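Residue numbering restarts at 1 for every chain, and letters A, B, ... go by the order of the sequence lines. Please read all numbers here as calculations on a predicted model, not as lab measurements.
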Protein chains: 2
Amino acid sequence: MSVTLKEVAALAGVSRSAVSRTFTEGASVSPKTRSKVEKAAAELGYSPNALASSLTTGRTKLIGLISNNFHNPIFLEVFDQFTRALQERGLRPLIVNLTDETEPANSVRMLRQYSVDAAIVASSTLPPSFAKAFHDAGVPVVHTFGRSATSPEVHVVGIDNVECGRMAARELLARGYRRIGYLGGPKDATSAMDRYRGFMEEVEKHPELDVTHCFAGAYSFEAGRAEMLRLLAEGPAEGYFCGDDILSIGALSALSDNGLKPGKDIGIIGLNDMEMSRWESVDLTTIHQPIKQIITSSVDLVEEMLKDPERYPEARIFPCRVIERGTLRPRP
Amino acid sequence: MSVTLKEVAALAGVSRSAVSRTFTEGASVSPKTRSKVEKAAAELGYSPNALASSLTTGRTKLIGLISNNFHNPIFLEVFDQFTRALQERGLRPLIVNLTDETEPANSVRMLRQYSVDAAIVASSTLPPSFAKAFHDAGVPVVHTFGRSATSPEVHVVGIDNVECGRMAARELLARGYRRIGYLGGPKDATSAMDRYRGFMEEVEKHPELDVTHCFAGAYSFEAGRAEMLRLLAEGPAEGYFCGDDILSIGALSALSDNGLKPGKDIGIIGLNDMEMSRWESVDLTTIHQPIKQIITSSVDLVEEMLKDPERYPEARIFPCRVIERGTLRPRP
DNA sequence: CATTACCTTGCAACCGATTGCAAACCTGAC
DNA sequence: GTCAGGTTTGCAATCGGTTGCAAGGTAATG
């Protein structure tokens, strides 16, 4: 089927070692044999088998990329960035789609079977223990978009969700909203809970406020829409911090169904600043999460871990900022 | 680092072959040794190295998944389906993000280096020759969303884009539109050209019609919006077939900017029927492409190819149908 | 010209598995 | 108890590479 080292060696009239060495960076080969080998290799269309070599070198350059967010449009951007960043460094993403049925432990075992050099858990909804399972199995791991505070054993790259909660609350207050609410993501998502904590922490400084909160079933358009429809039926607050942009967009759809104008009748602030939020028809005021920097940094971290597997775990937290668009009333 | 066959064999007091056999389906092992081995394996936390075994078996269960559409929201659905379908069958998706910079030939080489069992090209914009390069390199390949007519050497799964063009034209005519246009995807995309061909073929049966066409720079919101803004400035037609849903949504945004109501002032019909098109705020009339069936069928085909690599190439074409929503005026 | 030092090169062992083959084992029938 | 039959088992070769080591080659030095 495919051409092997041996055949190239035979054609070039050299030993197998010679061939191997011409294809490994920084090995000692004379220019003469190198050119003989390269000629033979070109003639046969040879390229080395990465998997076979991984057996001896212990490096596959395979990186497990694990996520459970295949329904949030933001993840198209996330996958695009991750796959590019990995490719640029000569690493290959092996995808794991964590569906409801899949046992988490399975993904650890599976990625070990494929000897991935490292794993990236890209999810704001999975608990720190999930990422830790990779660590415990000896697989270097980065939890991107993970919870920073309580995971001392695992690298985390992302934002401070608690602070984002505070930021959203402050933003609503600064614009004069007094009856406000948090419409969060699913209750079992760490990001939803952290944003909730920050939000509440901030509003509790102002006892005069009328504050409510609720949690949607998922970070999805449908869930955001359904939850906002319910709130509207029950009598809504004046302004909401929605768990993320896709929830916000769902909520906006509920508003427009009821003939309400976002930014005028009811305020909405989201989180992520995904591409769609910039669309004129959406025009969502939101908290910008620096996705690109987070992902680049995550992949950097993966590379560092490959160099030094014992690297001391660290949390890389990136600051967020409010992007003003049309779904909150202007500051007074 | 990780536990090997040899260590398990030592602990269980059997030969390495015995251990290997307990882990391979249908090999002959006595219940006694099997249980000894399983006990030892559990104790050490052993699981077989898939890559090492691939060396002798010739099967990695790695499937290259290649795409260049990381900006179209429809592809989140596509990736979700593909990764699930592959996982369910014990196959692992190795992703290739075809960016503008990446040389196509590189992806063939790369996937050969990783000995993928097969490749799936998931793109409606790549030419048949791209998929054929895999075939020529001895990598079984399926071109999902590919052009059917002219690729006799490669398996294709998708829809009949020419027929979809006709269908869109017929739909516009049936609703009484007489000044109509095709707002297609990028000119170098096979799908954009095929839909164009079908559209024109149909309208040319009616010489009285006033027909225009143009091509957007990409299948993207921005491109659709920009192109529609240009058309509006120059004096638009009454009804448009937009190359796909995301282009349509961009076009809708341009309409609403100009205070025009889709379905009333100007008609739009898209293609794909992606999740977003069902959103109340979008409510796009569109041609449904059976994504799920296409993907399941693609993965089925991959499995068949693994069984019989010489399998005669086939085109699997799925029918599409119009989904009526709010962006075309009703049939008279 | 002999000696030393450095480059190249091939040999052979090894990475972690699978598998054909022949020997060893077990079972039941006579 | 012996023998034929089928099972189980371990040996050793193999998959496609890498790499430590020692031998051979070359060039520079004295």
Checking all strands, does S28(B) fall into the base, sugar-phosphate, or nothing category for heavy-atom contacts under 4.0 angstrom?
base

Looking only at atom types and distance, does a side-chain atom of R311(B) sit under 3.5 Å from a main-chain N or O of M305(B), one as donor and one as acceptor?
no

Can a side chain N or O of S30(B) be found less than 4.0 Å away from OP1 or OP2 on dT9(D)?
yes

Using the benzene-type ring in the case of Trp, are the ring centres of F23(B) and Y46(B) under 6.0 Å apart?
yes

By the salt bridge (Lys or Arg N to Asp or Glu O under 4.0 Å) test, which pairs, at least two apart or in different chains, include something from residues 48-65 of chain B?
none

Taking CD from E7(A) and P from dG16(D), how many angstroms apart are they, rounded to a whole number?
8 Å

Does the side chain of Y219(A) pick up a donor-acceptor pair with the side chain of S124(A) at under 3.5 Å?
no

So does S17(B) reach the base of dC11(D) with its side chain, donor to acceptor, closer than 3.5 Å?
yes

Pull out every residue in residues 35-56 of chain B that has a heavy atom closer than 4.0 Å to any atom of DNA chain D, ordered by number, or say none.
L55(B), T56(B)

Does F70(B) have its ring centroid less than 6.0 Å away from the ring centroid of F79(B)?
yes

Quickly work out the K6(A) NZ to dG17(D) P distance and round it to whole Å.
11 Å

Span of DNA chain C, from the first to the last nucleotide whose atoms fall under 4.0 Å of chain B heavy atoms:
dG16(C) to dG20(C)

Starting from the 5' end of DNA chain D, give me the residue, K32(A) or S20(A), whose nearest nucleotide shows up first.
S20(A)

Consider only side-chain N and O atoms of R109(A) and S47(B), and report whether a donor and an acceptor are under 3.5 Å apart.
no

Donor-acceptor check, side chain of H143(A) to backbone of S123(A), threshold 3.5 angstrom: yes or no?
yes

Donor-acceptor pair, distance only, cut-off 3.5 Å: does the side chain of T60(A) make one with the backbone of S115(A)?
yes

Without decimals, in angstroms, what is the distance between L5(B) CG and dC11(D) P?
13 Å

Any sub-3.5 Å donor-acceptor pair from T57(A)'s side-chain atoms to S53(A)'s backbone N or O?
yes

Let me spell it out: for each of T57(B) and V14(A), pick the nucleotide of DNA chain C with the closest heavy atom. Which residue's pick is nearer the 5' end?
V14(A)

Donor-acceptor pair under 3.5 Å: do we get one between R16(A)'s side chain and the base of dG17(D)?
yes

Sugar-phosphate, base or nothing in reach of V29(B), heavy atoms under 4.0 Å:
sugar-phosphate

